[in-house]
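Notes to accompany the following structure.
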Amino acid sequence: MVSNFFNTLHLRYRSSGVAAAFSPRKPRHPLLRLLFGLVGLALLAMLLVFGVVVGLAMLAAGVAMRLLRRRPRPAVSSARDGALDGEFRVVERPLLR
């Protein structure tokens, strides 16, 4: 019953003029078909080049930000290498109940 409903709904849609408005048709003239194909390929190539350029610009900006960011130099330890100087506090372990 549901399948029959959707079939009739689909047939009504296809027979109305709305379906023709939203479905693109290929032109019949071979040169016009070739022209539309070439325009589509040119548009695809432009989008590809644009994406690559934006990607390279983002990578270059990231590298430039990393190079221009100044990092503080680590403090020179006057004691032994690998030793940390600091203040510590002993925290008691909680009793499990």
- Message: Count I, L, V, M, F, W, Y as connected when their side-chain heavy atoms are under 4.5 Å apart, and connections chain through other members. Are L44 and F36 then in the same cluster?
- Response: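 In one cluster with L44: F36, no.
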- Query: Quick one: does M46's side chain get under 4.5 Å of L43's, heavy atoms only?
  - Reply: yes
- Message: Return the CG to CG distance between L48 and L41, rounded to the nearest 0.5 Å.
- Response: 12.0 Å
